[in-house]
Each structure stands twice: as structure tokens, then as C-alpha cells.
Amino acid sequence: LNAVEFDHDMEGKKVMVSAGPTEEPLDPVRIITNHSSGKMGYALARVAAKRGAKVTLVSGPVNLETPLNVERVNITTANDMYEEITKRAGDQDIIIMAAAVADYTPETVAENKIKKKEGGMSIPLKRTHDILKTLGENKKDGQFICGFSMETENLLENSSAKLEKKNADMICANSLTVPGAGYKVDTNIITLIKKVEGSDKPVMRELPLMSKDEAAFEILSEIIGR
Ligand code: CTP
Ligand code: CA
């Protein structure tokens with residue numbers, strides 16, 4: 001991203017980004033989690049900070065270095081992420097949910113390691129809080145709420161539905177089925193689906209294949225209207 005001039009066009013903006021997976025414990029040795037490298041969220045935090053924003057990064061367990069000039073808050077479970085994000089949300093100008101948050105968590109966490117028995121087993125799960133939906137429902141005046149959407153089918157249709165349902169301002173839709181996109185690689189192919197004030201039809205803008213840093217730059221530019 002060296003070719004891009006950072007002219008501090010996000011100076012004075014408070015930005016909170018979530019990144020990485022959550023881990024839901026089942027017992028002291030087992031978790032339920034999602035695939036997520038955290039790279040897209042970290043790229044957003046890094047690029048926003050380079051553009052002069054005051055950035056808070058709420059991160060699940062990932063193997064990445066904290067970007068320069070970013071305040072990082074580590075969390076493990078979806079509930080931890082919900083707590084850390086909701087308590088800081090009122091202060092933010094822009095919130096971007098790039099984390100792969102678990103939709104379900106075990107109803108109970110066993111105190112001791114669960115021993116195997118004959119036959120199969122099933123695990124009772126309960127829903128976690130939908131953080132993005134909570135943010136959308138409590139949106140402050142002038143605040144911009146952005147989510148991500150990962151799908152394996154009906155990408156644009158399902159992602160547009162999320163924009164509506166969660167009262168978000170933009171959804172960055174990622175297909176998992178095209179080469180060059182997804183959680184494993186350093187590149188992404190994203191379609192930005194943005195709400196239009198006073199219309200129920202969003203605008204869509206498909207970004208070409210690009211690095212996650214470049215995608216972060218484009219996403220932030222779209223948000224600040226440049
Ligand atoms: N998200 C969230 N809290 C959750 C689950 C998801 O804030 N408990 C956020 C994600 O960070 C992402 C957006 O919601 O920004 C969409 O996540 P996704 O998993 O694609 O959609 P869901 O609404 O969870 O629906 P489903 O998994 O059934 O497709
Ligand atoms: Ca989900």
C-alpha cells in the first residue's frame with residue numbers, strides 16, 4: 001500500500017474495529033470457534049490509524065502484531081466481545097465488525113474435562129448476543145456502523161438482508177467460494193453494500209481482487225465519503 005498517500009483524512013475520528021474469531025469453551029480443554037485469521041480487521045485498524053483516526057481494536061485470539069498507534073483489547077468469548085464493544089460504542093464515530101463471532105455457545109461449561117463414552121454425543125448450545133444488531137439498534141446520531149458478511153451461496157441477497165435486519169450502514173460482503181477471497185489468504189474480493197438514506201434499495205460496489213490493506217483503504221474511504 002506504499003503507493004497510497006496517507007493525508008490524515010481520518011484525523012479526529014474515533015474508530016472501533018473487531019477482528020478475529022471468538023472461542024466458546026466446552027470444558028477446560030475444548031472450544032467451539034470459527035476460522036478467522038484476523039487479517040481483514042487488523043488491516044482496517046492499521047490503515048485507519050495511519051489515516052489519523054483514534055483506533056480501538058477488539059480482538060479475538062489471533063497470531064498478529066498490534067498495529068502501530070492502535071489500542072488493542074483482547075477478548076476470548078462472544079460474550080466478552082459483546083461487553084467490551086457495547087461499553088465503548090457510545091463514544092465512537094465508526095464501528096466496523098470484522099470479527100467472526102460465534103453464533104452459539106455451549107449452554108454450560110463443564111468444570112472438568114468431559115470423558116468419552118460409547119456412542120455419539122450432542123452438545124446443547126444457546127445463542128450469543130448479535131453484537132452488530134445491538135449496535136444498529138442503539139446507533140447514535142451520525143455514527144456509522146459497518147458489518148461483514150461471509151457466505152457460501154446467495155452472497156448479495158443474504159448480505160443485503162443483513163444490512164436491513166441489523167440496521168447497519170454498510171455490509172462488506174465476502175464470498176468464500178471464489179479464489180483469492182476468504183479467511184486463509186492475504187487478498188479479498190469484497191462487494192460493498194451501502195444503505196441509501198430514504199431508500200430501501202442499497203447501492204452495491206464490487207471491489208476487484210486486492211490485498212486486505214488495499215481493501216481496508218477502500219472500505220474506510222467509502223465510509224468517510226471519499
Ligand atoms: N456478528 C455479530 N454478532 C454475532 C454474529 C455476527 O456482531 N453474534 C456480526 C459479524 O461480525 C458480521 C455480521 O454480524 O459483521 C454478519 O455476520 P455473519 O455471520 O455473516 O451473519 P449472521 O447475522 O451471524 O448470520 P448467519 O451466520 O446465520 O449467516
Ligand atoms: Ca454468523
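One-based numbering, in listed order, for ligands and for the atoms of each. Predicted, not measured: the structure shown is a model, and the values here were computed from it.
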- Just let me know how Ile131 lines up against ligand 1, side chain, backbone, both or neither, with a heavy-atom cut-off below 4.0 Å. both
- Message: With heavy-atom distances below 4.0 Å as the criterion, list the atoms of ligand 1 near Thr128.
- Response: 8 (N)
- Answer key: the N, O or S atom of Asp103 nearest to the Ca ion (ligand 2) is OD2
- Check: Glu222 main-chain N/O paired with Lys194 side-chain donor or acceptor under 3.5 Å: yes
- Item | Top protein contact for atom 29 (O) of ligand 1, by heavy-atom distance | Lys162 NZ, 3.5 Å
- Message: A quick test of your reading: do over 12 heavy atoms of other residues, nucleotides or ligands sit less than 6.0 Å from CD of Glu107?
- Response: yes
- At the 4.0 Å heavy-atom cut-off, does Ala99 count as touching ligand 1? yes
- For Ser149, the ligand 1 atoms with a heavy-atom partner under 4.0 Å come out as 20 (O)
- Query: Between Asn69 and Lys50, does any side-chain donor sit less than 3.5 Å from a side-chain acceptor?
  - Reply: no
- Message: With side-chain contact (heavy atoms from CB on, under 4.5 Å) as the criterion, how do Arg46 and Val70 come out once you've worked through the C-alpha distance, each side chain's angles and the decisive distance to 0.1 Å?
- Response: CA-CA 7 Å; Arg46 178 167 52 247; Val70 166; 5.9 Å; no
- Which segment of Ile171 sits under 4.0 Å of ligand 1 when only heavy atoms are counted: neither
- Item | Subset of ligand 1 atoms that lie under 4.0 Å from at least one heavy atom of His129 | 3 (N), 4 (C), 8 (N)
- Query: Tell me: protein heavy atom nearest atom 16 (C) of ligand 1, and distance?
  - Reply: Phe148 O, 2.9 Å
- Go through the steps to decide whether Glu151 and Lys162 satisfy the test side-chain contact (heavy atoms from CB on, under 4.5 Å), and finish with yes or no. CA-CA 11 Å; Glu151 296 284 350; Lys162 286 175 195 170; 2.6 Å; yes
- Query: Does an N or O from Leu132, backbone or side chain, lie closer than 3.5 Å to an N or O of ligand 1?
  - Reply: yes
- Task: Output yes when Arg51 and Asp9 qualify as a salt bridge under the 4.0 Å nitrogen-oxygen rule, no when they do not.
- Result: yes
- Does an N or O from Gly147, backbone or side chain, lie closer than 3.5 Å to an N or O of ligand 1? no
- Task: Give the contacting part of Lys165 toward ligand 1: side chain, backbone, both or neither, where contact means a heavy-atom distance below 4.0 Å.
- Result: neither
- Measuring from the heavy atoms of Lys166, does anything fall under 4.0 Å of ligand 1? yes
- Message: Please determine whether the number of non-hydrogen atoms from other residues, nucleotides or ligands lying under 6.0 Å from atom NZ of Lys140 exceeds 12.
- Response: yes
- Query: Where does Met150 meet ligand 1, judged by heavy-atom distances below 4.0 Å: at the side chain, the backbone, both, or neither?
  - Reply: backbone
